[in-house]
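Since this is a predicted model, take the numbers as computed values, not measurements.
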Amino acid sequence: MCAMPSAEKMPPTRAHQSATEEAPQSVLPTKQDEVAAAGSELIGGPIGRRALLMTTRLTPVRVIALVAIGMFALGMVQKMPCYNGGWFVGASSQYTHACYSDIPHLYQGRGFADGLLPYFDRLPDNVGMEYLEYPVLTGAFMQVAAWLTPNGGSIQHQEKFYWMVNAGMLMVCTVVIAVCVARIHRRRPWDALLVALAPAFALTATINWDLFAVALTALAMLMWSRERPLAAGLLIGLAAAAKLYPALLLGPLLVLCWRAGRWRAFWVSAAAALGAWLVVNLPVMISHDAAGFHIREGWAKFYTFSQERGVDFGSFWLILSQRMDDPLTTDTVNHLATALMLLCCLGVAALGLTAPRRPRFAQLAFLVVAAFVLTNKVYSPQYVLWLIPLAALARPRWRDFLIWQACEVAYFLGIWMYLAFTTSGDAHKGLPTEGYQLAIGVHLLGTLYLCAVVVRDILMPERDVVRKTGEDDPSGGVLDGAADVFVLGPAAHPPRRAAVQEGSGTYVSWGAASDGFALSEQPPAR
């Protein structure tokens with residue numbers, strides 16, 4: 001452990017700049033990324049040095065929002081074979097067209113068509129589920145969409161309208177996500193095109209309601225980057241009330257605030273997150289009758305279902321269970337998956353405290369959520385939405401991002417072709433078990449590859465494309481430019497190193513206790 005100098009000795013961050021100071025110039029991906037430069041040939045090539053930037057109303061954020069809407073619309077078009085009948089005709093049609101969605105099926109399957117209230121009204125016995133198995137805020141999202149769906153016409157017409165209403169609400173979430181990612185890294189708004197153009201995003205956006213939690217998480221990260229820990233915590237709590245995974249972000253914040261000595265910001269966020277979660281959940285959680293207060297069974301369904309659910313699609317646990325003569329029990333898998341996740345979290349914490357330079361918030365956040373995805377006993381195809389914004393912030397490099405996306409698209413097609421195979425009877429249409437296991441392996445390897453690249457960037461900060469321009473942690477808020485006060489291992493006595501900034505001839509110094517990071521025309525003295 002070593003005590004580092006005070007933050008006053010660090011270079012001023014964007015959050016600390018005067019309002020009258022000129023805003024830094026945006027980083028152009030076509031100047032730094034060879035894949036982005038090659039892709040720009042489709043629209044005329046990389047931007048020239050005489051180009052007039054920001055002279056029209058089409059600012060980067062607005063362009064990214066429009067692109068995100070366009071890609072979301074293409075995703076809706078991809079679902080049209082199901083909208084036009086695939087959801088309702090035959091068992092395998094929605095799988096062979098790869099256009100399945102939970103949304104229309106659960107309109108009737110979870111009692112919304114009958115006016116049942118989530119968590120309070122018990123579902124009919126023929127449903128196979130006593131209560132809605134989603135967290136409270138997601139249930140509220142589903143209920144609002146049900147209120148906006150007219151009751152007239154056939155049940156199929158209502159289900160189609162319900163999907164369309166949800167798609168409209170999820171499109172708003174998509175815009176929120178894209179805009180937040182564009183604004184978190186002030187100098188790198190164009191990195192949000194990774195989110196807007198992600199093929200897996202468009203393909204999975206309307207499968208389920210995950211985008212609502214992802215949007216709340218993106219807003220939380222934007223608030224944290226603006227040094228507003230209270231607002232960030234409130235949004236993390238709300239996001240966790242819609243989907244459990246956003247609560248994982250408190251882990252990286254704990255490690256980074258520990259290393260930087262920013263305890264007040266962390267505890268404000270953690271307390272706000274817990275408070276927001278309780279405010280949303282308590283009215284539904286607690287029930288009172290003649291016997292006193294007790295936990296409502298409908299509220300607890302999400303948690304009991306998660307524990308009782310067996311090994312399911314997309315996980316390496318499924319490969320093991322399909323290949324073992326005596327598959328592991330659900331309880332055993334629960335314990336092993338929890339142990340693996342805890343080990344991964346300890347590894348991420350050790351990485352955060354021993355890295356030669358404090359990792360960026362987005363990097364640790366991506367690793368923790370990716371660890372949950374990799375170790376969980378189920379991986380639904382829409383879970384990729386959790387990772388896409390974090391990946392764009394953690395590793396804004398088109399080559400690595402597209403490699404990972406190709407793996408996710410392969411899995412997206414693999415799961416539907418496997419379900420087509422299992423539901424087509426003797427016709428055997430689709431992908432057999434061995435082929436689906438290969439698709440799972442491709443998904444796992446793609447995610448592990450991106451994790452490995454992010455870990456390399458943490459261990460070798462000179463390879464981090466964000467820090468090559470001299471920045472510290474644009475998503476870090478109070479952590480951006482802060483000095484370390486608690487470091488373990490070799491990082492306590494870091495050597496001075498330098499890396500050439502691509503295309504500029506300048507050097508990015510890092511790891512020096514006295515100056516944190518700086519730009520210079522010459523390499524530092526050895």
Side-chain angles (χ1 to χ4, degrees), residues 15 117-120 131-144 173 176-177 180 183-184 209-288 292-304 306-307 341 345 349 361-362 364-365 368-369 372 386 389-390 475-480 482:
L117 194 62
Y119 316 111
F120 293 90
Y131 296 95
L132 182 68
E133 72 279 23
Y134 287 87
V136 170
L137 268 192
T138 296
F141 190 96
M142 300 163 73
Q143 182 61 65
V144 169
C173 295
V176 170
I177 295 165
C180 286
R183 298 190 60 167
I184 286 173
W209 293 269
D210 293 64
L211 278 182
F212 182 44
V214 177
L216 291 171
T217 305
L219 281 168
M221 295 189 70
L222 177 61
M223 290 299 101
W224 180 265
S225 73
R226 295 297 190 266
E227 300 190 13
R228 298 174 63 181
L230 176 62
L234 291 173
L235 287 163
I236 289 175
L238 293 176
K243 207 76 177 180
L244 195 57
Y245 89 90
L248 295 173
L249 269 62
L250 293 174
L253 288 179
L254 170 62
V255 172
L256 296 174
C257 289
W258 185 5
R259 180 162 174 168
R262 302 289 178 151
W263 286 110
R264 182 178 183 278
F266 170 76
W267 289 119
V268 166
S269 289
L274 178 60
W277 186 89
L278 288 174
V279 166
V280 171
N281 281 272
L282 279 177
V284 183
M285 180 194 310
I286 303 300
S287 178
H288 179 263
F293 291 95
H294 57 271
I295 300 297
R296 191 182 303 275
E297 184 181 357
W299 173 85
K301 185 61 185 177
F302 165 70
Y303 302 95
T304 57
S306 298
Q307 285 294 313
M341 181 60 188
C345 289
F361 173 38
L364 290 194
V368 168
V369 177
F372 181 73
W386 306 355
L390 298 175
S475 64
V478 298
L479 302 168
D480 189 19

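- Scanning all heavy atoms of the two residues, the minimum distance from Ile184 to Arg226 falls at O-NH1, 4.0 Å.
- Ser269 approaches Trp224 most closely through the heavy-atom pair OG-CZ3, 3.3 Å.
- At least one donor-acceptor pair under 3.5 Å links the side chain of Tyr119 to the backbone N or O of Tyr134.
- Atom CG of residue Leu222 and atom SG of residue Cys180 lie 5.0 Å apart, to the nearest 0.5 angstrom.
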Under 3.5 Å, sequence neighbours excluded: what are the donor-acceptor pairs made by side chains of residues 232-261?
unit_1: Arg259; atom_1: NE; unit_2: Asp484; atom_2: OD1; d: 3.4
unit_1: Arg259; atom_1: NE; unit_2: Asp484; atom_2: OD2; d: 3.1
unit_1: Arg259; atom_1: NH1; unit_2: Gly352; atom_2: O; d: 2.8
unit_1: Arg259; atom_1: NH1; unit_2: Ala355; atom_2: O; d: 3.1
unit_1: Arg259; atom_1: NH2; unit_2: Ala355; atom_2: O; d: 2.9
unit_1: Arg259; atom_1: NH2; unit_2: Asp484; atom_2: OD2; d: 3.2

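- Residue pairs that meet the side chain to side chain donor-acceptor pair (under 3.5 Å) test with at least one member in residues 270-281, sequence neighbours left out, are Asn281-Trp299.
- Val214 has its side chain within reach of Pro389: a pair of non-hydrogen atoms, C-beta onward, lies under 4.5 Å apart.
- The two residues Leu137 and Phe212 come nearest to each other via the heavy atoms O-CE2, 3.7 Å.
- Side-chain contact between Phe372 and Trp386 is present, with heavy atoms from C-beta onward closer than 4.5 Å.
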For side-chain contact (heavy atoms from CB on, under 4.5 Å), just list the numbers for Met142 and Leu132, CA-CA rounded to whole Å, side-chain angles, deciding distance to a tenth of an Å, and then say yes or no.
-> CA-CA 10 Å; Met142 300 163 73; Leu132 182 68; 3.7 Å; yes
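- Across all their heavy atoms, Pro283 and Arg296 have their closest contact at O-NH2, 4.4 Å.
- The two residues Met223 and Ala231 come nearest to each other via the heavy atoms CG-CB, 3.8 Å.
- Around the CH2 atom of Trp263, the shell of radius 6.0 Å holds more than 12 heavy atoms that belong to other residues, nucleotides or ligands.
- Met221 and Leu390 get closest at one heavy-atom pair: SD-CD2, 3.4 Å.
- Rounding to the nearest 0.5 Å gives a distance of 11.0 Å between CG of Leu479 and OG of Ser225.
- For the pair Gln143 and Leu117, the minimum side-chain heavy-atom distance is below 4.5 Å.
- With values rounded to the nearest 0.5 angstrom, Met285 atom CE is found 7.0 Å from Tyr303 atom OH.
- Taken to the nearest 0.5 Å, the CD1 atom of Ile295 stands 12.0 Å off from the OG1 atom of Thr304.
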